[in-house]
Trainee: 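Next up is a structure, given as structure tokens.
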Amino acid sequence: MSDSLRIELGRDLLFATLAGDPLPAHGVELVLSGNGRDIPPAAHLVFTVAYHVYEQIVGESLFGLVPDVRGNPGLPFERGRDVEIDADLRPELVTTLIDRGGGARELITALLGEPEDRFQFIALTESWLASSVVQEIEAPVGGTLKSGYKVAR
């Protein structure tokens, strides 16, 4: 059985590109899992970005969203609506975080834009691999639905 810690974020996050440019996001949820024995530790993050930030992410292939792994949403994404991204901290970096004495607090602090030097890598866009990208859109018959794609790895 895997231990799991689910943290509702509801806070602004600040990623950085490899060039050092800031990339704003809004954290929805962080899930830490694994028991450190037979199930390796993992960190899964759900966050939203403004549509123009999503365009930058796709244009620069950030969060591992290179053209070869991206899909197409069932319905085209709409300008002006946020895009939700699910991403996983690269497994080797989860191990690095733990080896450097870090945990949930240090991970969140780094994502809030206040990382200690030894945890700065957490806020890099390339430390995370997107697993799905969705956008909530208006349904033709009223209400909303999510359209998006899973990343092929």
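The first residue of the sequence shown is numbered 1, and numbering continues consecutively from there.
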Trainee: Can you name the salt bridge (Lys or Arg N to Asp or Glu O under 4.0 Å) partners of Glu78, sequence neighbours left out?
Mentor: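 Salt bridge (Lys or Arg N to Asp or Glu O under 4.0 Å) check on Glu78 returns Arg81.
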
Trainee: Can you list, pair by pair, the side-chain donor-acceptor contacts under 3.5 Å of residues 97-107, counting residues two or more places apart and other chains?
Mentor:
| unit_1 | atom_1 | unit_2 | atom_2 | d |
| --- | --- | --- | --- | --- |
| Arg100 | NH1 | Arg118 | O | 2.7 |
| Glu106 | OE1 | Gly103 | N | 2.8 |

Trainee: Taking only residues at least two apart or on different chains, which pairs with a member in residues 62-74 satisfy side-chain hydrogen bond (donor to acceptor under 3.5 Å, both in side chains)?
Mentor: none

Trainee: Do Ile108 and Leu9 make a side-chain contact, defined as non-hydrogen atoms from C-beta onward lying under 4.5 Å apart?
Mentor: yes

Trainee: Quick check: do Leu129 and Arg90 have side-chain heavy atoms less than 4.5 Å from each other?
Mentor: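 With C-beta onward as the side chain, the pair touches.
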
Trainee: What I'd like to find out is whether the side chain of Ser131 reaches to under 4.5 Å of the side chain of His44, using heavy atoms alone.
Mentor: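 They are in contact (side-chain heavy atoms under 4.5 Å apart), so the answer is yes.
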
Trainee: As an exercise, state the distance from OG of Ser127 to CD1 of Ile122, rounded to the nearest 0.5 Å.
Mentor: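 Ser127 OG to Ile122 CD1: 8.0 Å, rounded to 0.5 Å.
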
Trainee: With sequence neighbours left out, what residues match Lys146 under salt bridge (Lys or Arg N to Asp or Glu O under 4.0 Å)?
Mentor: Glu84

Trainee: Just to verify, what does Glu60 make a salt bridge (Lys or Arg N to Asp or Glu O under 4.0 Å) with, not counting sequence neighbours?
Mentor: none

Trainee: What about the rings of Tyr51 and Phe77, do their centers lie closer together than 6.0 Å?
Mentor: no

Trainee: Look at the rings of Phe47 and Phe15 and say which category their plane angle falls in: under 30° parallel, 30 to 60° tilted, over 60° perpendicular.
Mentor: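 Geometry flag for Phe15 against Phe47: tilted rings.
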
Trainee: Just so I know, are the side chains of Leu112 and Leu14 near enough to count as touching, which here means a heavy-atom distance under 4.5 Å?
Mentor: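 The answer is no, as the side chains (C-beta and beyond) never meet within the 4.5 Å cut-off.
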
Trainee: For Ala19, enumerate each residue passing the side chain to side chain contact (heavy atoms under 4.5 Å, CB included) test, keeping only those at least two apart in sequence or located in another chain.
Mentor: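 Only Thr17, Asp21 meet the side chain to side chain contact (heavy atoms under 4.5 Å, CB included) criterion with Ala19.
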
